[in-house]
Amino acid sequence: MRLTREFFERDVLQVAPDMVGKILVRKSIGIHRHLITEVEAYSGIEDQASHARFGRTTRNSIMFARGGLVYVYLIYGMYWMLNVVTGPENHPQAILIRGLQGINGPGKLTKALGIDRTFYGEDLSTSGRIWIENGLEKPDFIQTPRFGIAYAGEPWKSKPWRYIRVQRPEIS
DNA sequence: GTAAGGATTGGC
DNA sequence: CCAATCCTTACT
């Protein structure tokens, strides 16, 4: 079942752990479903690791919209990063999707799914080509500091806002 | 207008 | 370790 906008309109630190174990659905020629295994949360203009730290700009304006929309941007001139906007309007937050089952790395997953700038602002609650569905009931996950944002300084670079799925040992 | 560097990846 | 590659932001 597709997640509604209400799911994404909560605070990013509530939504991010709930994203682990959900299913990212991409429909183009055929339909593909991918288990979300790793995400990172970026929260507010005060978060010095967030693109919203300079206030509203052309690139990050979608982060200031309500939750449930897609934020896509180009990094290092070659990789598209897929993010989901969360929270209420004018409260810039986003979740970077860093990994899917079988696809590790935020740049690799957008390439594999064919996601580019045309997805900027796409509405996950109504889009016919990308959305997120309920998945695992209660997946286990661990939290670690976010990757590649050392420039943000403390306390931001140490916030445990990276969420990674871990598989519970099978019970036999 | 100009310059610096990035929420990455893969190859040496 | 470091280049690829181009867009965004900061600064003159």
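None of these values were measured; they are calculated from a predicted model. Side chains included, hydrogens not; waters and symmetry mates left out as well; all remaining heavy atoms used.
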Taking Watson-Crick and G-U wobble pairs with both distances under 3.5 Å, convert DNA chain B into its dot-bracket string, 5' to 3', dots for unpaired and | for cross-strand pairs.
||||||.||||.
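- Here side-chain hydrogen bond (donor to acceptor under 3.5 Å, both in side chains) pairs that include residues 88-104 of chain A, with residues two or more places apart or in two chains, are A/D11-A/Q93, A/E38-A/R98, A/T86-A/Q93, A/H91-A/Q93.
- Within the structure, every pair that satisfies the side-chain hydrogen bond (donor to acceptor under 3.5 Å, both in side chains) test and touches residues 17-31 of chain A, not counting sequence neighbours, is listed here: A/R10-A/D18.
- Looking at residues two or more places apart in sequence or on another chain, you find a side-chain contact (heavy atoms from CB on, under 4.5 Å) between A/P17 and A/F141, A/Y163.
- No side-chain donor-acceptor contact under 3.5 Å links A/E154 and A/W156.
- Between A/D47 and A/K157, no side-chain nitrogen of the basic residue sits less than 4.0 Å from a carboxylate oxygen of the acidic one, so the salt-bridge criterion is not met.
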Assess the residue pair A/R53 and A/E46 against the criterion (salt bridge (charged side-chain N to carboxylate O under 4.0 Å, His left out)); give the C-alpha distance rounded to whole Å, side-chain angles, the decisive distance to 0.1 Å, and a yes or no.
CA-CA 6 Å; A/R53 66 186 181 281; A/E46 65 277 8; over 6 Å; no
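- Phosphate proximity of B/dT9 to A/K111: absent, as no side-chain N or O sits under 4.0 Å from OP1 or OP2.
- Residue A/Y79 is classed as a base contact, given a heavy-atom separation below 4.0 Å to a base.
- Neither A/Y120 nor A/I115 shares a network with the other; the hydrophobic side chains, linked directly or stepwise wherever heavy atoms of I, L, V, M, F, W or Y lie under 4.5 Å apart, form separate groups for each.
- Listed by chain and number, the residues in a salt bridge (Lys or Arg N to Asp or Glu O under 4.0 Å) with A/D123 are A/R66 (sequence neighbours excluded).
- Counting all heavy atoms, side chain and backbone alike, A/F119 lies closest to A/G114 at CE1-O, 3.6 Å.
- Using a 4.0 Å cut-off on heavy atoms, none of the residues of residues 152-166 of chain A approach DNA chain C.
- Using a 4.0 Å cut-off on heavy atoms, none of the residues of residues 7-26 of chain A approach DNA chain B.
- No path of Ile, Leu, Val, Met, Phe, Trp and Tyr side chains, each step under 4.5 Å between heavy atoms, connects A/F8 with A/M63, placing them in separate hydrophobic clusters.
- The backbone N or O of A/G107 lies less than 3.5 Å from a partner atom in the side chain of A/T110, making a donor-acceptor pair.
- In terms of heavy-atom proximity, A/L124 sits nearest to A/I130 at CD2-O, 3.8 Å.
- Among residue pairs with one or both ends in residues 27-46 of chain A, none qualify as ring-ring contact (aromatic ring centres under 6.0 Å, His included); sequence neighbours excluded.
- Protein chain A contacts DNA chain C over a range whose 5' and 3' limits, counting nucleotides with an atom under 4.0 angstrom from a non-hydrogen atom, are C/dA4 to C/dA10.
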Polar atom pairs between nucleotides 3-7 of chain B and protein, under 3.5 Å, N or O only, would you list them?
from: B/dA7; atom 1: OP1; to: A/H51; atom 2: NE2; distance (Å): 2.9
from: B/dA7; atom 1: OP2; to: A/Y151; atom 2: OH; distance (Å): 2.3
from: B/dA7; atom 1: N9; to: A/Y73; atom 2: OH; distance (Å): 3.2
from: B/dA7; atom 1: N7; to: A/A49; atom 2: O; distance (Å): 3.4
from: B/dA7; atom 1: N7; to: A/H51; atom 2: NE2; distance (Å): 3.2
from: B/dA7; atom 1: N1; to: A/N83; atom 2: OD1; distance (Å): 2.6
from: B/dA7; atom 1: N3; to: A/Y73; atom 2: OH; distance (Å): 3.0

Using residues 75-85 of chain A as the side-chain source, report each donor-acceptor pair under 3.5 Å to any protein atom, sequence neighbours left out, with the distance given to one decimal.
from: A/N83; atom 1: ND2; to: A/Y71; atom 2: O; distance (Å): 3.2
from: A/N83; atom 1: ND2; to: A/M81; atom 2: O; distance (Å): 3.4

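- With sequence neighbours excluded, no residue satisfies salt bridge (Lys or Arg N to Asp or Glu O under 4.0 Å) with A/R2.
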